[in-house]
Protein chains: 2
Amino acid sequence: MRERKITIKDVAREVGVGIGTVSRVLSGHPNVSQRTRERVLEAVARLDFTPNRLARDFARGRTQTIGVMVPSLSIYYFLEILRGVEQSVSENDYSLIIYNADRPGRALEHLNFLAKNRRVDGLVVIALAGESEWPQQFPLPVVSVDAEVPAVVTLSLDHEEGMYLATRHLIDLGHRRVAFVDRPQDPSSGAMTESRRRGYDRACAENSLIIPDTYARVADFSWQGGHEVTKELLTLPDRPTAIAFSSDMQALGAMRAVRELDLTVGEDVAITGYHGVEVAEIAGLSTVSVSAYDMGKTATDVLIRLLSGEPPAADHILFRPQLIARRTSDAERKTPLV
Amino acid sequence: MRERKITIKDVAREVGVGIGTVSRVLSGHPNVSQRTRERVLEAVARLDFTPNRLARDFARGRTQTIGVMVPSLSIYYFLEILRGVEQSVSENDYSLIIYNADRPGRALEHLNFLAKNRRVDGLVVIALAGESEWPQQFPLPVVSVDAEVPAVVTLSLDHEEGMYLATRHLIDLGHRRVAFVDRPQDPSSGAMTESRRRGYDRACAENSLIIPDTYARVADFSWQGGHEVTKELLTLPDRPTAIAFSSDMQALGAMRAVRELDLTVGEDVAITGYHGVEVAEIAGLSTVSVSAYDMGKTATDVLIRLLSGEPPAADHILFRPQLIARRTSDAERKTPLV
DNA sequence: TTGAAAGCGCTAACAC
DNA sequence: GTGTTAGCGCTTTCAA
């Protein structure tokens, strides 16, 4: 068993040059004559040599790998962003390590780990709430998408605008009793996110709607969250005729709740979702669509450019949501409910 | 700026021992006296020392990282498996690198890359068809789930049984014109997978159903695939009254198609999905449920155990699908359609 | 049980 | 341009 791996040394000996030269050729350094370069490459090919990645990473102190921190792998919206991240990573010949922060405290654990080790060259953070106090002076470049964390570049979403669009859409359709369901600011607290609430309030105010306190709710991102809160809302003495949700899954759960109460979505109760994930389209769900994939892609492009030394063109990029009206808010539309 | 990183050397000097000893303590080697161990650990804590991961990986030739190859990040079923993989990885203090094979030829590229580099210690392969010819003698341990590839351990799914269950369920409900939609064996070819077809045929045969050729179809895994094929099936002269699909997304697309044709799901046309993803539950979709999460988790547990030297208990684990009947096949059931 | 020293395979600074 | 050499920080013999 001649299992000895061939190294840069073998190549050097083969060609009759120093290992420095081989290294230069392999890393694309300019200071190598055309002739030597060719001879080296020929030998590399002949010996079927591949540089040892671990050794290179170690010597360089870089890994050609980025990390992505995601709050959950069960929420389609995040996965959509993740797809964008992966696309960029793959185009740029980087590797991608996933850090799942779906359990409380996990985010901070990951951050501490990353601060100590050199496992990744940079980090993309997805929709991470302020929950985790960051290690002071985090040593890696980070780009955040839809997250309020200290980062070199931040891609954020105008949630005020998003919820404003949804609410106004429902009001324009003639609804006067419009409820609003937010996500919890932070899984552990029950607080609302400020921005969506502002958008909702603004739309109501502009149309002189007086909203009872009971109409503004907080529910889990999941379909169960939407299901439950909808049952509550629809059994209120003065039940709303429209509900704007903060996730598509909430809205799907709501559709189910409406049915279970023998009411009809799009007629008795209008519903809007949020994020515009794939299933919203199938279900004929009106939604506030955000360019999740694009945000992930862009964030990662920016991070990788950062890693190669380019300064970012901007340190804050704002994405605007867009309203997509379908059957759940407007029964006249032809798109059928699933 | 005293930015010099502290190393194992500093710890050694601090305690007054050799670096070998520190290394032994850090790697939990047995041959260290209780006293020295304590003194070393104390110094490590005091200096806030963390071993350089890159150096360690390099010296050991291992990375404490596994890879997962997934055919797509857009198909919920795969993501469900991925969640299981991530869970195991996280429990075992490994890192996870994602290899997305959603473009043709990408799988083989990844494999070649992995064969050359030591980026990961082992590989989990998800639902990868035979499309990619593997490098002969792949140098890493691999465990496959729902995939027919050369692997140390294979977790497979009894798809024949799965489709048999779905078909028989529909027949038991009184349907005589039952259609079947498979996924393509391989994205590039239009061939059917053998096993599901066998299950379908068996159920039909047992009940003396004579099935026209036009009833067995192949369609893309996506909802668009199901949507399209359903329109075709339902405009056949002798249209089926029930359709068994190979993915839940296909089935959701079918539900939409049925509506668009002004028919009613669960009454005019019964539908079953496959995989049992989350949205199937919300939609009241009857489905053949498979333990995707468990498979991912188990596969990874096995792989990691393999990496630490334990021989696998079995080299082939078979999972059995299970039928979940809901409204789309049986209108009597209370679970409402979304 | 422990210290010393020889790698691991590559990069990069430094001479020539 | 190119060869030489000193690291990178850890693991792992090998003696003692």
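By convention in this document, chain letters (A, B, ...) are assigned in the order of the sequence lines, proteins followed by strands, and residues within each chain are numbered from 1.
An OP1 or OP2 oxygen of D:dG3 is reached within less than 4.0 angstrom by a side-chain nitrogen or oxygen of A:Thr21. Within the structure, a side-chain polar atom (N or O) of B:Ser33 is placed less than 4.0 Å from OP1 or OP2 of C:dT2. OP1 or OP2 of C:dA12 has not a single side-chain nitrogen or oxygen of A:Arg60 nearer than 4.0 Å. Regarding contacts with the backbone of D:dT2, a side-chain N or O of A:Thr36 is found under 4.0 angstrom from either OP1 or OP2.
Positionally, the nearest nucleotide of DNA chain C for B:Gln34 lies more toward the 5' end than for the other of B:Gln34 and B:Ala59. Mapping A:Asn31 and A:Ile19 onto DNA chain D via the closest heavy atom, the residue that lands nearer the 5' end is A:Asn31.
Nucleic acid contact class of A:Asn52 (heavy atoms, under 4.0 Å, all strands): sugar-phosphate only. Across all strands shown, B:Ser23 has heavy atoms under 4.0 Å from base atoms, whether or not it also approaches the sugar-phosphate.
C:dT11 atom P lies 13 Å from atom CG of A:Leu54, rounded to whole Å. Atom CZ of A:Phe49 and atom P of C:dG9 are 10 Å apart (whole Å). Between the NE2 atom of B:His29 and the C1' atom of C:dT1 there is a distance of 14 Å, given to the nearest Å. Across the protein-nucleic acid pair, B:Gln64 atom CD and D:dC10 atom P stand 16 Å apart, rounded to whole Å. Regarding A:Ile6, its CD1 atom lies at a distance of 9 Å from the P atom of C:dC10, rounded to whole Å. What separates CZ of B:Phe58 from C1' of D:dC8 is a distance of 9 Å, to the nearest Å. The CZ-P distance, from A:Arg53 to C:dC10, rounds to 13 Å in whole Å. Residue B:Arg39 contributes atom CZ, which lies 12 Å from atom C1' of C:dT2 at whole-angstrom precision.
Checking C:dC10, C:dG3, D:dG9 against the side-chain heavy atoms of B:Arg24 singles out C:dG3 as nearest. For B:Val32, taking side-chain heavy atoms from C-beta onward, the closest of the listed nucleotides C:dT2, C:dT11, D:dG9 is C:dT2.
Separating the CG atom in B:Asp146 from the CE atom in B:Met295 is a distance of 5.5 Å, to the nearest 0.5 Å.
Inspection of the A:Asp121 and A:Tyr94 side chains reveals no N or O donor paired with an N or O acceptor under 3.5 Å. Between the side chains of B:Thr21 and B:Arg37, not a single donor N or O lies within less than 3.5 Å of an accepting N or O.
Salt bridge A:Asp294/A:Lys297: absent, no basic N to carboxylate O contact under 4.0 Å.
If you look at A:Tyr77 and A:Phe221, their ring centroids are not closer than 6.0 Å.
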